[in-house]
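Atoms within a ligand are numbered from 1 in the order they appear, just like the ligands themselves. What's counted below: heavy atoms across the whole structure, side chains too, no hydrogens, waters or symmetry copies.
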Amino acid sequence: MISQSTVPFIDLKSQYKVLKTNIDARIQKVLDSGAYIGGPEIAELEQKLAAHTGTKHCLAVASGTDALLLPLMALGIGKGDEVITTAFSFIATAETIVLAGATPVYVDIDKKTFNIDVKKIEAAITPKTKAIMPVSLYGQVADLDEINEIAKKHNLFVIEDTAQSYGAKYKNSKSGACTIAAGTSFYPAKPLGCYGDGGAIFTNDDKLHIAMKEIREHGSEKRYYHTRLGVNARLDTIQCAILLAKLERYDWEVEARNKIAEKYTTAFIGLEKFDPMFSTPLVKTGNVSVWAQYTLTITNREIFQKKMQELGVPTTVHYPMTMPDQPWYKANTPLNHDITNSRWAANHVISLPMFPDMTDEQSQTVIAAVKTAVEFSMKAM
Ligand SMILES: *Cc1c(COP(=O)(O)O)cnc(C)c1O
């Protein structure tokens, strides 16, 4: 029997209720102003996001995908170039590399953090390598110190995919502030989400900032004067207004997510007794995750997921396939390095409900369900 979920996977509606007065007023202001594209909220948001991240520049863009594509285009990465990235991410990571005209070079992940295994990067560098695009998956920043060191040695750009890690801490910096450019996403279900598609790019480089700004607007240096190939990657004013309201509460939300993660992790101690493959997320010293996902590993995922559903708790798999195993990528992009850990993760990861307004009752429901379902998933074999 499949019962109705008693806990949502993510609850955007209750978050809206909390912020309604602020959000509604800000949207109304934009509606009254008529500046639906290019309104003053854009610069205001860019300044606030740059300050919050600790970077000199921020550019609001139409999606996380654009936020990765624009830096590649602006850095002149394209035909004949290779970009090293992880094998285990949402498809947009590899997609933007291909859209820019370059070839993605997939490197395996560290099984503990699910981020690119820095020990395997150098073996993937060739004379064609131009950049490394690490992904800070599930909310935890990748090993950027080591990646930056390798990049410096081989004269490569580093572009951090921060679509899942906006606001995450890395040592004394924040996600997005440690590389020449970084792109994040404001897709509604991301840690900082708007009410549609959206994204932002971060950089400390003045020239790159100008180039990306021009590319965002059809490659125009000034109105109707196009000196570059560009795209339309503007973020509309209403989304910026929503993000300004949501940013006010964001640091509190990150703390709330961390408290839920801590509750989960503490409650799950000992479950490896039932399933030797069971693991809770590892956050490395020096990192503060924003918990885009709280992701377990488990032996019998299908049985576990079905049992969780019966117990009223939805779960999701991020991601059931590696990027190079996706049909189009398998046919059109080369796979030259071992990706055993990435394929293992694709078969065994499972994410639990995670949202800042989760009540104690809801987290206790999730915890009880996981305990039951882990034991059940092994006995059922
Ligand atoms: C969501 C996501 C993207 C793409 O962001 P969109 O806003 O959906 O275009 C890119 N990379 C990763 C890792 C993501 O999770």
Novice: Look at the side chain of E160 and the backbone N and O of G176, then say whether any donor-acceptor pair between them is shorter than 3.5 Å.
Specialist: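 Checked: pair present.
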Novice: Taking the six-membered ring for Trp, are H52 and Y166 ring centroids under 6.0 Å apart?
Specialist: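 Yes, the ring of H52 comes within the 6.0 Å limit of the ring of Y166, centre to centre.
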Novice: Can you list the ligand 1 atoms lying under 4.0 Å from a non-hydrogen atom of A92?
Specialist: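 Answer for ligand 1: 3 (C), 4 (C), 10 (C).
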Novice: Can you report which non-hydrogen protein atom sits closest to atom 11 (N) of ligand 1, along with the distance?
Specialist: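 Checked against all protein heavy atoms, atom 11 (N) of ligand 1 sits closest to D161 OD2, 2.8 Å.
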Novice: Do Y106 and F88 have ring centroids that are under 6.0 Å from one another?
Specialist: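 When the ring centroids of F88 and Y106 are compared, they turn out to be at least 6.0 Å apart.
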Novice: For the aromatic rings, using the six-membered ring if either is Trp, is the centroid distance between Y264 and F268 under 6.0 Å?
Specialist: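 They qualify: ring centres under 6.0 Å apart.
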Novice: Quick check: T65 and ligand 1, any N/O pair under 3.5 Å apart?
Specialist: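 In this structure, T65 places an N or O atom under 3.5 Å from an N or O of ligand 1.
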Novice: Heavy atoms only: which of M133, Q164, K190 lies closest to atom 2 (C) of ligand 1?
Specialist: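 The nearest heavy atom belongs to K190.
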Novice: Out of T265, D110, N287, T113, which one pairs with L282 under the side chain to side chain contact (heavy atoms under 4.5 Å, CB included) rule?
Specialist: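 When side chain to side chain contact (heavy atoms under 4.5 Å, CB included) is applied between L282 and each of T265, D110, N287, T113, only T113 qualifies.
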Novice: Any heavy atom of G199 closer to ligand 1 than 4.0 angstrom?
Specialist: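 Judged by the 4.0 Å heavy-atom criterion, G199 does not count as contacting ligand 1.
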Novice: Provide the number and element of each atom of ligand 1 under 4.0 Å from a heavy atom of A163.
Specialist: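 In order of number, 2 (C), 3 (C), 10 (C), 11 (N), 12 (C), 14 (C), 15 (O).
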Novice: Taking distance alone, with no angle check, do G64 and ligand 1 share an N/O pair under 3.5 Å?
Specialist: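 For ligand 1, there is an N or O atom that lies under 3.5 Å from one belonging to G64.
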Novice: Have a look at T280 and tell me which of I269, L352, L296, L271 forms a side chain to side chain contact (heavy atoms under 4.5 Å, CB included) with it.
Specialist: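 Of I269, L352, L296, L271, side chain to side chain contact (heavy atoms under 4.5 Å, CB included) with T280 is met by L296 alone.
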Novice: May I ask you to check whether S89 has an N/O atom sitting below 3.5 Å from an N/O atom of ligand 1?
Specialist: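 Checking ligand 1 against S89, no N or O pair falls under 3.5 Å apart.
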Novice: Counting only N and O atoms by type, is there a donor-acceptor contact under 3.5 Å from the side chain of T93 to the main-chain atoms of S89?
Specialist: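 Side chain of T93 to backbone of S89: no pair is present.
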Novice: For S185 and ligand 1, does the shortest N/O to N/O distance drop below 3.5 Å?
Specialist: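 Among all N and O atoms of S185, at least one is under 3.5 Å from an N or O of ligand 1.
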Novice: Mark up the atoms of ligand 1 that fall under 4.0 Å of a heavy atom belonging to V135, in ascending order.
Specialist: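 What qualifies from ligand 1 is 13 (C).
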